Every structure is written in structure tokens, then in C-alpha cells.
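Below: the structure, in C-alpha cells.
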Amino acid sequence: MKLNLLSCHAQRPDRRAIANCIAEISTNIDESLSNELTDLLLEGDAVDIEMEDKNTGSALRALRKLSIDYEIIE
């Protein structure tokens, strides 16, 4: 499943928690790349990630908990 992470509207976003979440839910993204993607997301750029179809419910719940807006691409 592909996701487009649109923005983070948290008042005080937790960079480390967001980077860890991206690294955990996505396929083929390591810790350093997830840190870069987190920086892009918090600057206002959209970020595309791909994740496995299993456990999508818990992954989407984790994104909502971090106040990250997303859209499902496929």
C-alpha cells in the first residue's frame, strides 16, 4: 500500500517519534532516511512511503496519533 504523508498539524511535533513511526511502518526505509523524510514532512512537503498490507490499521492509527495527515494512493 502506498501512502502520501501530507502534513503534520501537531502544535509541537515529536521529530523522533515521527521518524521512528515512518521507519517502522514503511518498507525499505532505514532510520537515516526516515529522519530526512520527517524533516521534509515538517517543512510542509508531502512524502510518499510504501508499506506492507498487513497491520495497516495499526500503522494508520499511529500516524493519526502523531497528527499526521495522509492519503492512500493505492
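All of these numbers come straight from a predicted model, not from anything done at the bench.
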More than 12 heavy atoms of other residues, nucleotides or ligands under 6.0 Å from CD of Glu50: yes or no?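 Yes, CD of Glu50 has more than 12 neighbouring heavy atoms, counting only those of other groups under 6.0 Å.
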More than 12 heavy atoms of other residues, nucleotides or ligands under 6.0 Å from CD of Glu31: is that the case?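 No, CD of Glu31 has 12 or fewer neighbouring heavy atoms, counting only those of other groups under 6.0 Å.
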Sequence neighbours excluded, which residues qualify as side-chain contact (heavy atoms from CB on, under 4.5 Å) partners of Asn28?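 Listed in chain order: nothing, the list is empty.
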Among residues at least two apart in sequence or on other chains, which ones pass side-chain contact (heavy atoms from CB on, under 4.5 Å) with Glu43?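 Scan of Glu43 (side-chain contact (heavy atoms from CB on, under 4.5 Å), adjacent residues dropped) gives Leu40, Asp45.
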Does Arg15 pair with Asp39 as a salt bridge, N-O distance under 4.0 Å?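 Looking at Arg15 and Asp39, the cut-off is met.
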Can Ile72 be reached from Ile49 by stepping across I, L, V, M, F, W or Y side chains whose heavy atoms are under 4.5 Å apart?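 In one cluster: yes.
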Is there a side-chain contact between [X] and [Y], using heavy atoms and a 4.5 Å cut-off?
{"X": "Ile29", "Y": "Leu37", "value": "yes"}
{"X": "Ser7", "Y": "Ile68", "value": "no"}
{"X": "Asp69", "Y": "His9", "value": "yes"}
{"X": "Cys8", "Y": "Leu66", "value": "no"}
{"X": "Tyr70", "Y": "Leu60", "value": "yes"}

Spacing of [X] atom [atom1] and [Y] atom [atom2] [to the nearest 0.5 Å]:
{"X": "Ser58", "Y": "Glu24", "atom1": "OG", "atom2": "CD", "result": "10.0 Å"}
{"X": "Leu41", "Y": "Leu5", "atom1": "CG", "atom2": "CG", "result": "6.0 Å"}
{"X": "Thr56", "Y": "Arg61", "atom1": "OG1", "atom2": "CZ", "result": "9.5 Å"}

Specify the closest pair of heavy atoms between [X] and [Y], including all atoms of both residues, with the distance to one decimal.
{"X": "Ala23", "Y": "Asp30", "answer": "CB-O, 4.5 Å"}
{"X": "Met51", "Y": "Ala59", "answer": "CE-CB, 3.7 Å"}
{"X": "Ile22", "Y": "Thr38", "answer": "CD1-OG1, 3.7 Å"}

Output, in order, the C-alpha distance, side-chain angles, deciding distance and verdict of side chain to side chain contact (heavy atoms under 4.5 Å, CB included) for Leu42 and Ile18. CA-CA 10 Å; Leu42 295 178; Ile18 294 170; 4.1 Å; yes
